[in-house]
2 protein chains.
Amino acid sequence: MLRLSKLTDYATVLLAYMAKTNSHLHTAVELSEATTIHVPTVSKVLKVLSKAGLVYATRGSKGGYQLAQGPEQITVASIIGALEGPVAITECSSQTHDCEQASACEIKGNWGVVNRAIINVLESITLADMMVSQQQYSSEEIQVSWQGLSR
Amino acid sequence: MLRLSKLTDYATVLLAYMAKTNSHLHTAVELSEATTIHVPTVSKVLKVLSKAGLVYATRGSKGGYQLAQGPEQITVASIIGALEGPVAITECSSQTHDCEQASACEIKGNWGVVNRAIINVLESITLADMMVSQQQYSSEEIQVSWQGLSR
DNA sequence: TCGATATAGGACTAAATTAGTACTGTATAA
DNA sequence: TTATACAGTACTAATTTAGTCCTATATCGA
Ligand code: FES
Ligand code: FES
């Protein structure tokens, strides 16, 4: 299925909301109400995003979170990286890892190539791109839409 | 991490071996010995590949498996699809699904665009591409290598 | 300075998914 | 008929993910 974790999805929704309304600091409670994600989960996600440097956190009363960079600077790859670590579609796709099958393997190194191709896609899409309104679409229209996003 | 299941990795290794040595039918035991993947697992994977039509199976003595299509016709997307179902990086990325946050969501439809972009990559890479020998590489070299593979 | 507010960090439990194995049934060749 | 090899399915164990909670720390304002 090649699925992202729910937390990564939550993170993207939360960041998009913050990007849209960046006039003030956002508390975890406010973000929860805006997105319908439960408070403990919002809190968990934002702690991770803060540690990764994607949001800036202020403690105490009048505190809250704000984006640390503009929506054009935050890539989908960086959001995934913050929540799940670097993209690695198989154990074998990072350069440093030695795979079990070692010398016998017919496809050695090729997962790395596929992985890099996917990372390139994910690095080319920013939070700003994720906020453009999408209509109902057919497969072909997605293709067109994507052409517009890619650089 | 955006990870594929191990079974998908196994499937690709097995198909690559079959592609390289397509002179005869391959039994599960032979494939196990060639790849070091345990027999029950080889068997499980091949049953799935057979059902998906990627390999053709012959029962009985002198039986075994062979590729149902040429290595150039089998895409990485089709291998993933056979083992894990269609690629869907989030619950929200398939057109038909209604997401929880519904109307409030700032990024509605955009996971679908990202998903389609990734599918395009995976559909453009074939089993034949996965069999080209890869040297040790730097990030830039991967980029070059990938340019060569893409169409 | 005290108390209210809000995040930081970590631990913990429950749920879901994945991996691996085993068993019974069916087809084929000699 | 017998040995071989795949088909289908069920089951268990292992791993990962999601969700919650508790304690500590920082900040503001009365
Ligand atoms: S899958 Fe790891 S070396 Fe082939
Ligand atoms: S994440 Fe599903 S509608 Fe926004």
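Side-chain atoms are counted along with the backbone in the values below, which use heavy atoms only and exclude waters and symmetry mates.
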- Message: What is the separation between atom CD on B:Glu33 and atom P on D:dA5, rounded to the nearest whole Å?
- Response: 11 Å

- Item | Test side chain to side chain contact (heavy atoms under 4.5 Å, CB included) applied to A:Lys44 - qualifying residues, sequence neighbours left out | A:Leu7

- Query: Taking DNA chain C as the partner, which of residues 22-32 of chain A come within under 4.0 angstrom of it by heavy atom?
  - Reply: A:His26, A:Thr27, A:Ala28

- Message: Counting only side-chain nitrogens and oxygens, does B:Tyr56 get under 4.0 Å of the OP1 or OP2 atom of D:dC6?
- Response: no

- Query: So which pairs with a foot in residues 23-57 of chain B pass ring-ring contact (aromatic ring centres under 6.0 Å, His included), sequence neighbours left out?
  - Reply: B:Tyr17-B:His26, B:His24-B:His26

- Task: With sequence neighbours excluded, tell me which residues meet side chain to side chain contact (heavy atoms under 4.5 Å, CB included) with B:Gln73.
- Result: B:Gln69

- Message: Using a 4.0 Å heavy-atom cut-off to protein, can you give one letter per nucleotide of nucleotides 7-14 of chain D, 5' to 3': B if the base is in contact, S if only the sugar-phosphate is, - if neither?
- Response: BBB-----

- Task: Kindly write out the residues that satisfy side chain to side chain contact (heavy atoms under 4.5 Å, CB included) with A:Thr75, not counting sequence neighbours, or none if the list is empty.
- Result: A:Ala77, A:Ser78

- Applying salt bridge (charged side-chain N to carboxylate O under 4.0 Å, His left out), name anything that partners B:Lys20, two or more places apart in sequence or on another chain. A:Glu106

- Message: I need the full list of salt bridge (charged side-chain N to carboxylate O under 4.0 Å, His left out) pairs touching residues 22-42 of chain B, with sequence neighbours left out, sorted by first then second residue.
- Response: none

- Message: Below 4.0 Å from chain B heavy atoms, what is the first contacting nucleotide of DNA chain C and what is the last?
- Response: C:dA19 to C:dA29

- Note on the structure: Across all chains, not counting sequence neighbours, the side chain to side chain contact (heavy atoms under 4.5 Å, CB included) partners of B:Ala82 are B:Leu49, B:Ala52, B:Leu54

- Set of residues satisfying side chain to side chain donor-acceptor pair (under 3.5 Å) with respect to A:Thr8, sequence neighbours excluded: A:Ser5, A:Glu84

